[in-house]
Structure formats: C-alpha cells, structure tokens
Amino acid sequence: MDNGFDKPIKKRNYKPAIIIISIVLIGAIGILAGLPGVDDFDAFDVTILPLMNAIFNTFTFLFLVGALIAIMKGKVRIHKRFIYAAFVTTTFFLFTYVGHHFLAESTAFGGEGFAKYFYYFILITHIVLAAVIVPLALTSVARAWNGENQRHKKIARWTMPIWLYVSFTGVLVYILISPYY
C-alpha cells in the first residue's frame with residue numbers, strides 16, 4: 001500500500017487556524033445572508049455566479065468521489081490529490097458564493113406544495129451541514145498532514161459523507177432555484 005508520504009512528518013498545531021478560519025468563513029457567510037446586495041450593480045449579470053457555484057460544487061463532488069474510490073483501493077497519493085482538488089474547487093465556490101451574496105439580494109423560491117417543502121428541507125440541511133463541514137474538513141486534512149492516520153480515518157468517516165452531501169445538495173439547490181433568478 002502506498003502511504004503517500006515522502007519525508008518524515010513534523011507535527012503542527014492547526015487547531016487555532018481551524019477555529020479562526022471556521023469562525024471567519026461561517027460568520028462572513030452569515031452576515032452576507034442578511035445584506036441587501038449592491039444597488040444598481042450592472043458590471044455583469046450576477047446570476048452567472050450561482051451557475052459557477054453549481055459547477056464548482058459538481059467538481060468538488062466528483063473529486064470527493066475520486067478520493068473515496070482511491071482510498072478504498074489504498075491509493076493514498078491519488079486520494080490526497082483528489083482531496084486537494086476538492087479544496088481548490090470549494091475555495092473557488094466560496095469566492096463566487098461570497099461575490100454573489102455581496103452583490104445580489106437573496107432569491108426567493110417560487111415553488112409551491114411538495115416542491116417548496118422539498119426545497120427548504122434540502123436548503124436547510126445543506127446550510128447547516130455546510131457550516132459543520134468547514135471545521136470537519138480542515139481537521140481531517142490537518143490530521144492527515146500530521147500523520148495521525150487513525151485519528152484522520154476516524155473523523156474522515158464523518159467528513160466524507162457530509163462533504164459529499166453538501167456538494168451534491170449545493171448543485172440540487174441551484175437546479176431547484178435557478179428558474180427564479
């Protein structure tokens with residue numbers, strides 16, 4: 001089995017950075033949710049940003065599936081590369097998400113009946129788990145960086161399905177709300 005490490009590991013304390021990054025990201029997104037958007041912004045059509053969010057979430061989901069398959073086959077290096085790719089596309093998602101919510105008002109869902117309940121169930125679980133996944137994903141990667149393989153596996157068993165759910169439902173939320181932009 002490929003262990004994915006080329007040199008000895010120097011353990012570091014990532015906990016303060018994880019806490020700060022989590023609070024700043026979740027706090028900023030929470031604040032943006034309540035802002036009205038920029039008045040008369042017309043430099044470009046901001047409705048392109050949610051489409052970009054969905055594209056980045058799709059790639060994140062695919063990279064995570066690739067990472068899961070790789071680790072199940074014992075291919076640690078490939079797993080790591082897919083995880084890093086998922087972090088990159090998630091970062092791109094965050095930039096476009098923050099940009100959209102800074103520039104535009106929130107879009108109301110216009111569906112009724114079952115579609116409305118389904119949408120809000122998906123949206124609420126997506127939002128809650130998106131907040132949870134920030135410190136989970138950061139902790140998972142920090143444990144891997146520190147060579148704490150057993151602790152990494154323990155938390156990754158929670159991180160992977162939640163991150164898969166968040167990235168998949170991010171696309172689903174876009175598909176459901178896109179007619180109302």
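The shown structure was predicted, so the numbers you read here are calculated from the model rather than taken from an experiment.
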Residues Thr60, Phe93; criterion side chain to side chain contact (heavy atoms under 4.5 Å, CB included); working and verdict
CA-CA 9 Å; Thr60 299; Phe93 160 81; 5.7 Å; no
Within the 4.5 Å heavy-atom criterion, are Leu176 and Phe118 side-chain neighbours or not?
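Counting from C-beta outward, Leu176 and Phe118 do come under 4.5 Å.
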Side chains of Pro135 and Ile19 in contact at under 4.5 Å (non-hydrogen atoms)
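A side-chain contact is absent here, since even the closest heavy-atom pair is not under 4.5 Å.
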So Phe102 and Val38, side chain to side chain contact (heavy atoms under 4.5 Å, CB included) or not? Walk me through it.
CA-CA 7 Å; Phe102 176 74; Val38 175; 3.7 Å; yes
Report the C-alpha separation of Arg77 and Lys75 in whole Å, then their side-chain angles, then the decisive distance to 0.1 Å, and conclude whether the side chain to side chain contact (heavy atoms under 4.5 Å, CB included) test is met.
CA-CA 6 Å; Arg77 286 179 199 259; Lys75 305 291 186 184; over 6 Å; no
Taking the inter-plane angle between the rings of [X] and [Y] on a 0 to 90° scale, is it parallel (under 30°), tilted (30 to 60°) or perpendicular (over 60°)?
X	Y	answer
Phe109	Tyr119	parallel
Phe44	Phe41	perpendicular
Phe61	Phe168	tilted

Between [X] (side chain) and [Y] (backbone), is there a donor-acceptor pair under 3.5 Å?
X	Y	value
Arg143	Arg151	yes
Asn146	Glu148	no
His100	Pro50	no

If every non-hydrogen atom of Ser140 is compared with every non-hydrogen atom of Ile155, which pair is closest and at what distance?
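In this case the closest contact between Ser140 and Ile155 is OG-CG2, 3.2 Å.
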Decide yes or no on ring pair (Phe, Tyr, Trp, His ring centres under 6.0 Å) for Phe87 and Trp163, but give the supporting numbers first.
CA-CA 11 Å; Phe87 268 97; Trp163 200 358; 5.1 Å; yes
Run the side chain to side chain contact (heavy atoms under 4.5 Å, CB included) check on Phe82 and Val65 step by step: do they pass?
CA-CA 9 Å; Phe82 274 123; Val65 169; over 6 Å; no
